[in-house]
Structure formats: C-alpha cells, structure tokens
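Here's the structure, in structure tokens; my notes come after.
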Amino acid sequence: MIKYKELYDAITDFRIKYGRRKFNDDENMTAYRNLVDMSIKCGLIPECNRNEFSTHAELTAAIAYESNRIAFCQ
C-alpha cells in the first residue's frame, strides 16, 4: 500500500499530462510547484529546498519512473 496515495496520483497525472518539468512553460511549472508543495506537506522535501530545483532529484525521478514514484511515496 502506498503511504502518500494522493501525492502518487498527482505525480502520475503530471507525468501523463506534461511528461517532465519544463522551465519555459508557466502551466507546467505551476503544476510542478503544486507537486513540490504536496511533497513538503508529506515531509519528503524540506521547506528550505522549495525553490532549489537541483535538490528535487527524487521528485524528478518519481515523475520519470513508476518504480521511483512508488518508492518516493512510501
């Protein structure tokens, strides 16, 4: 069972709709920032790293690969 099911579903939806994070697309970045907010609420990304995109490797990997998504949301 996935601990953070809502986050898992949101990441999956992001993957289906956008594929990956694109810095030159406002809609994409807004959706990505929502994933970051959810990850912070779950304790998976520290608040201090909210705007440090280089520290979001686990979230980026979760977007790219389902196995990473499962691990990230456990």
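Quick caveat, the model's predicted, so the values are computed rather than measured.
- Applying the ring pair (Phe, Tyr, Trp, His ring centres under 6.0 Å) test to Tyr65 and every residue at least two apart in sequence or in another chain returns nothing.
- Ile11 and Cys73 make their closest contact through CD1-SG, 4.1 Å (heavy atoms, listed as atom of the first residue, atom of the second, distance).
- Taking the six-membered ring for Trp, Phe53 and Phe23 have ring centres closer than 6.0 Å.
- Residues Ile63 and Tyr32 have side chains in contact (heavy-atom distance under 4.5 Å, counting atoms from C-beta outward).
- No side-chain donor-acceptor contact under 3.5 Å links His56 to the backbone of Asn51.
- Salt-bridge annotation for Arg69 and Glu58: absent, with no side-chain N of the basic residue lying under 4.0 Å from a carboxylate O of the acidic one.
- For Cys42 against Leu7, the heavy-atom pair with the smallest separation is SG-CD2, 4.3 Å.
- Classification of Arg33 and Asp37 as a salt-bridged pair fails, no side-chain N sitting under 4.0 Å from a carboxylate O.
- Annotation: the span from Ile45 atom CD1 to Leu59 atom CG amounts to 5.0 Å, rounded to 0.5 Å.
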Next item on the list: Check the pair Glu27, Lys17 against salt bridge (charged side-chain N to carboxylate O under 4.0 Å, His left out), reporting the backbone distance first and the verdict last.
Entry: CA-CA 11 Å; Glu27 181 182 342; Lys17 185 170 184 178; 3.1 Å; yes
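- The residue from Glu66, Gln74, Lys3 that alone fulfils the side-chain hydrogen bond (donor to acceptor under 3.5 Å, both in side chains) condition with Tyr8 is Glu66.
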Next item on the list: For the pair Leu44 and Tyr4, evaluate side chain to side chain contact (heavy atoms under 4.5 Å, CB included) and give the outcome as yes or no after the intermediate values.
Entry: CA-CA 10 Å; Leu44 302 172; Tyr4 301 111; 4.0 Å; yes
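- Side-chain atoms of Asn28 come within 3.5 Å of backbone atoms of Arg20 as a donor-acceptor pair (strictly under, hydrogens ignored).
- Annotation: side chain of Ser39 is in contact with side chain of Phe72 (closest heavy-atom distance under 4.5 Å).
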Next item on the list: Run the numbers on Glu47 and Arg50 for side chain to side chain contact (heavy atoms under 4.5 Å, CB included), then give the verdict.
Entry: CA-CA 5 Å; Glu47 174 69 38; Arg50 175 185 297 282; 3.0 Å; yes
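- Listed by chain and residue number, nothing satisfies the side-chain hydrogen bond (donor to acceptor under 3.5 Å, both in side chains) test with Asp25 (two or more places apart in sequence, or in another chain).
- You'll find the side chain of Lys22 stays beyond 4.5 Å of the side chain of Met29, heavy atoms only.
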